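In what follows, a structure is listed as structure tokens, so that the remarks can point back to it.
These numbers were taken from a predicted model, which means no experiment stands behind them.
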Amino acid sequence: MHALGLALVLLLVPSLAGAQVRWEYRVPSEARQTGSLARAGIRESSGLAASRAHPGVLWTIEDSGNPALVSAIDTAGRLLGRWRLRGARNVDWEAVSVGPCGEHHCIYVGDTGDNAERRRSVTIYRFREPSLTGAPGRAGAITPDR
């Protein structure tokens, strides 16, 4: 039995050794500025997520102290619309992402900030990507999933 265990360990060692690769910094070769949020009315963007339903649209949220809003902007930084999340509070929103939810695409907002380390729990809001019908400047309200 001891020989079998040793054989298994020896089989695993090469795969474990090859799992790590030396980290190397590489300068982005195609990074370029495409826009600015200076005139979009967004004071403190806490993240951007590319829409899956609307090509060329980015979703953004603002950090703590701001209303519970998600904003759509284009890649030049122009505001396309804003949606208030009914029943949501922006305690300390830190992240936004777009991903699947059933047959649709949803926006996920992470109310996960806790700089003072006082929160007992954090919240993740999920809601379907809003329609951009009537954009630019559209405003509306969304109820996140419960």
Side-chain angles (χ1 to χ4, degrees), residues 5 8-146:
L8 287 173
V9 168
L10 291 175
L11 285 173
L12 289 175
V13 170
S15 65
L16 293 175
Q20 283 193 337
V21 177
R22 185 169 179 249
W23 185 83
E24 179 182 327
Y25 174 76
R26 294 184 184 161
V27 176
S29 60
E30 295 185 33
R32 62 186 173 93
Q33 181 177 340
T34 63
S36 170
L37 297 176
R39 295 204 175 126
I42 297 168
R43 295 181 304 150
E44 187 179 1
S45 174
S46 275
L48 293 171
S51 171
R52 292 189 181 191
H54 312 289
V57 172
L58 303 171
W59 297 103
T60 187
I61 56 170
E62 293 191 71
D63 207 338
S64 59
N66 288 290
L69 297 172
V70 62
S71 300
I73 60 172
D74 65 16
T75 55
R78 292 181 293 250
L79 182 65
L80 301 176
R82 288 191 159 154
W83 289 262
R84 181 178 52 83
L85 273 63
R86 288 187 202 104
R89 280 186 49 221
N90 182 345
V91 176
D92 197 355
W93 287 10
E94 294 292 347
V96 61
S97 182
V98 176
C101 59
E103 300 287 319
H104 307 284
H105 301 291
C106 282
I107 298 174
Y108 295 82
V109 174
D111 188 357
T112 57
D114 190 14
N115 294 339
E117 298 180 4
R118 294 183 184 157
R119 295 181 76 174
R120 292 182 183 265
S121 66
V122 295
T123 303
I124 297 173
Y125 296 105
R126 179 183 78 181
F127 50 94
R128 279 180 62 180
E129 277 197 70
S131 168
L132 294 179
T133 304
R138 185 181 191 287
I142 300 169
T143 302
D145 295 344
R146 298 259 179 229

Handout entry: Heavy-atom pair of closest approach, residues N90 and P67
Key = ND2-O, 3.7 Å

Exercise for the section: Provide the closest heavy-atom pair for R82 versus L69 in the form atom of the first, atom of the second, distance. Expected result: CD-CD1, 4.1 Å

Practice task
State, yes or no, whether a side-chain contact exists between L80 and D74 at a heavy-atom distance under 4.5 Å.
Solution key: yes

Handout entry: Neighbour count >12 (heavy atoms, 6.0 Å) for atom CZ, R119
Key = yes

Problem - Heavy atoms of other groups near R52 CZ, more than 12 under 6.0 Å - result: yes

Problem - Step-by-step side chain to side chain contact (heavy atoms under 4.5 Å, CB included) determination, E129 to C106 - result: CA-CA 5 Å; E129 277 197 70; C106 282; over 6 Å; no

Problem - Nearest heavy-atom neighbours spanning V91 and S64 - result: O-CB, 3.0 Å

Exercise for the section: Check whether any side-chain heavy atom of R43 lies under 4.5 Å from a side-chain heavy atom of E62, and answer yes or no. Expected result: yes

Exercise for the section: Decide yes or no for I42 and I73: does some side-chain heavy atom of the first lie under 4.5 Å from some side-chain heavy atom of the second? Expected result: yes

Practice task
Taking the side chain as every heavy atom from C-beta outward, state whether H105 and R128 have any atom pair closer than 4.5 Å.
Solution key: no

Handout entry: Pair V109-F127, side chain to side chain contact (heavy atoms under 4.5 Å, CB included): steps then yes or no
Key = CA-CA 9 Å; V109 174; F127 50 94; 3.9 Å; yes

Problem - Y125 (side chain) donor-acceptor with I107 (main chain) under 3.5 angstrom - result: no

Exercise for the section: Decide yes or no for W93 and L85: does some side-chain heavy atom of the first lie under 4.5 Å from some side-chain heavy atom of the second? Expected result: yes

Exercise for the section: Answer whether the closest heavy-atom distance between the side chains of R126 and C101 falls below 4.5 Å. Expected result: yes

Handout entry: More than 12 heavy atoms from other groups under 6.0 Å of CG on L48
Key = yes

Practice task
State, with a plain yes or no, whether a side-chain heavy atom of V57 is found less than 4.5 Å away from one of L132.
Solution key: yes

Exercise for the section: Flag the pair D111 / V122 as yes when at least one side-chain heavy-atom distance between them is below 4.5 Å, and no otherwise. Expected result: no

Completion exercise
For V98 and S51, the nearest pair of non-hydrogen atoms, with its separation, is CG2-CA, 4.5 Å

Exercise for the section: Apply side-chain hydrogen bond (donor to acceptor under 3.5 Å, both in side chains) to the pair T60 and S71, showing each step before the final yes or no. Expected result: CA-CA 5 Å; T60 187; S71 300; over 6 Å; no

Practice task
For residues A88 and A68, report the shortest heavy-atom separation together with the two atoms involved.
Solution key: O-CB, 3.6 Å

Practice task
Ignoring hydrogens and angles, tell me if any N or O in the side chain of H54 forms a donor-acceptor pair with the backbone of P130 under 3.5 Å.
Solution key: yes

Exercise for the section: Return the set of residues passing ring pair (Phe, Tyr, Trp, His ring centres under 6.0 Å) with W59 (not counting sequence neighbours), or none when no residue passes. Expected result: W83

